[in-house]
Amino acid sequence: MSTLVVLEHGTGKWNRMSFEALSAGSELRDAFGDVYAAAIGQNIGELASQVTRYGVAKVFLLEHPLLADYTPDGYSLALEQLMRKIQPDLVIFPHTYQARDYAPKVAARFGRPLVSDVIAVNPANKTFVRQLFQGKLNSEVKFVEGPCFISVQAGAFRATEAGDGTGAVEPFHVSLEPSQIRSKPEPPYREAQRSVDLNAADVIVSVGRGIKEKENLKIVEDLAEALGAELAASRPICDNGWLPMERQVGSSGQTVSPKVYFAVGISGAIQHLVGIKGSKTIVAINKDENAPIFESADYGAVGDLFEIVPALTEEIKKAKA
Ligand SMILES: Cc1cc2nc3c(=O)[nH]c(=O)nc-3n(C[C@H](O)[C@H](O)[C@H](O)COP(=O)(O)OP(=O)(O)OC[C@H]3O[C@@H](n4cnc5c(N)ncnc54)[C@H](O)[C@@H]3O)c2cc1C
C-alpha cells in the first residue's frame with residue numbers, strides 16, 4: 001500500500017500546510033506504507049528537492065508549461081495521470097483554498113468522496129477523524145478501499161514532525177493540451193499589509209458571535225482596555241465588518257500565542273482553535289456548557305457574557321486602582 005501527499009506552493013516556497021499533510025502521511029505509514037509526494041508546477045525542481053528529507057520515498061515532479069499557474073483543470077488532470085500510474089491507496093491534501101477547489105474534482109474522477117477537514121488519524125484501525133456540528137461531535141470515517149481522498153485541517157498536524165530520511169525526486173511526464181484548460185488564471189491574491197500584530201500581544205480579548213450586535217462590542221473593548229489587552233475576534237465578527245480583518249484569529253486569520261487569551265462568546269470551531277493553540281492560558285466565557293471551547297480552555301465561566309464581562313472589567317479596574 002502507499003500514500004500520496006499532494007504538496008502546495010506559492011511565491012517560490014512551500015505552503016506550511018504541505019508539511020502538515022506530510023506529517024499526517026508519516027503518522028499513517030504503518031497502515032498505508034510508503035509515503036510519496038506530488039509537486040505540481042513549472043520550474044519547481046529546486047523546491048521539490050527540499051521535500052526529499054521529509055520521510056518520503058519519492059517526490060514526483062509534475063512539471064509542464066500549462067501548470068505554471070494553478071488551474072483546477074490542469075492540476076486535476078496532472079494528478080489523475082500520476083495516480084493512474086502509481087495507484088496510491090490514500091491521497092492526502094492540505095485543506096487549503098486551492099485544494100478545496102480541485103481535490104473534489106480529482107476524487108470524482110475516481111468515483112470517490114473527499115473526506116475533508118480531517119483533524120486526526122488512527123493508523124491502528126485506518127480511520128480519519130473529522131468534526132461535525134461546529135465541533136460538537138467527532139466522526140470517525142473508516143478506510144474501506146482505495147483510492148481514498150482526505151484533506152487535513154490547518155494546524156491539526158505538526159509540520160515539524162514530517163519525519164526525515166532521504167527520498168529522491170522523480171520527474172513524471174504530464175501530457176496536457178491548452179484546450180483542456182478551461183479557465184484563465186488571474187494574478188494571485190495579495191494580502192493587505194497588516195498594521196495589527198496580534199502575535200506580539202501578551203493578553204488578547206477575543207470576541208465571537210455571542211456578542212450579537214456591533215453596538216455591544218463596547219463591553220469587550222472595555223475589558224481589553226482594563227487589561228491592557230489587544231482586541232481580536234472570530235471570523236464572523238470580521239466577516240460582518242464589525243472589526244477589521246486583521247483582528248481575525250484562526251486558520252484564515254492570525255495565529256497567536258499570548259500569555260492569556262480570553263475567548264468571549266466564541267464556540268471554539270477547529271478553524272478558530274488552530275489559531276490559539278500556542279496561548280499559555282485560555283479563558284472562555286460562554287453560556288453553553290457544551291461549547292467545544294471549554295475543551296481547550298484552562299479556565300471557563302459558563303454564563304451570559306453580558307453579565308460576566310462588565311463585572312470582570314469592574315473587578316479588574318478595582319484591583320488595579
Ligand atoms: C475555510 C474556513 C476558514 C475559517 N477560518 C476561520 C478563522 O480563521 N477564524 C475563525 O474564528 N473562524 C473561522 N472559520 C469559521 C468557523 O468555522 C466558525 O464558524 C467560527 O469560528 C464561529 O465563530 P464564533 O465562535 O464567533 O460563532 P458561533 O460558532 O456562532 O459561536 C457563538 C458562541 O457564543 C455563545 N454565546 C451566545 N450568546 C452568548 C451570551 N450571551 N453569553 C455567552 N456566550 C454566548 C454560543 O453559545 C456560541 O458558543 C472558518 C471556516 C472555514 C470553513
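In each ligand, atom 1 is the first atom listed, and ligand 1 is the first ligand listed.
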Given the ring of Phe93, does Arg100 sit roughly above its face, with NZ or CZ under 6.0 Å from the centre of the six-membered ring and within 45° of the axis?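 No.
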Per the salt bridge (charged side-chain N to carboxylate O under 4.0 Å, His left out) rule, what does the pair list look like for residues 213-232, sequence neighbours excluded? Lys218-Asp222, Glu230-Arg247
May I ask you to list the atoms of ligand 1 that are less than 4.0 angstrom from any heavy atom of [X]?
| X | value |
| --- | --- |
| Gly253 | 8 (O) |
| Ser252 | 3 (C), 4 (C), 5 (N), 6 (C), 7 (C), 8 (O) |
| Gly208 | 26 (O) |
| Asp304 | 40 (C), 41 (N), 42 (N) |
| Phe306 | 41 (N) |

When you measure from the side chain of [X] to the backbone N and O of [Y], does any donor-acceptor pair fall under 3.5 Å?
| X | Y | result |
| --- | --- | --- |
| Ser151 | Asp117 | yes |
| Asn15 | Leu7 | no |
| Ser23 | Phe19 | no |
| His272 | Ala233 | no |
| Ser296 | Pro292 | no |

Indicate, with yes or no, if Met1 and Val141 share a hydrophobic cluster defined by side-chain heavy-atom contacts under 4.5 Å among Ile, Leu, Val, Met, Phe, Trp and Tyr.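 The answer is yes; both residues are in one hydrophobic cluster.
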Are Tyr299 and Ile266 connected in a single hydrophobic cluster, I mean Ile/Leu/Val/Met/Phe/Trp/Tyr linked by side-chain heavy atoms less than 4.5 Å apart?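 No; Tyr299 is not reachable from Ile266 via cluster members.
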Which bit of [X] is near ligand 1, meaning a heavy atom under 4.0 Å away: side chain, backbone, both or neither?
| X | answer |
| --- | --- |
| Val249 | backbone |
| Ala269 | side chain |
| Pro236 | side chain |
| His95 | neither |

Taking N or O atoms only and a 3.5 Å limit, does [X] qualify as a polar contact for ligand 1?
| X | result |
| --- | --- |
| Arg100 | no |
| Lys287 | yes |
| Ala291 | no |

Taking atom CD as the centre, does Glu295 end up with more than 12 heavy-atom neighbours from other residues, nucleotides or ligands that are less than 6.0 angstrom away? no
Should one rank [options] by closest heavy-atom distance to [atom], which comes out on top?
| atom | options | value |
| --- | --- | --- |
| atom 33 (C) of ligand 1 | Cys238, Gly265, Ala233, Ala284 | Gly265 |
| atom 24 (P) of ligand 1 | Gly250, Ser234, Ser116, Ala232 | Ser234 |
| atom 25 (O) of ligand 1 | Ala263, Ser267, Ser251, Ser206 | Ser267 |
| atom 14 (N) of ligand 1 | Gln248, Gln271, Gln254 | Gln271 |
| atom 46 (C) of ligand 1 | Asn216, Asn286, Thr96 | Asn286 |

Any donor-acceptor pair under 3.5 Å linking the side-chain atoms of Asp101 with those of Tyr70?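 Present: a donor and an acceptor within the cut-off.
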Does Gly303 come within less than 4.0 angstrom of ligand 1, counting non-hydrogen atoms of the residue? yes
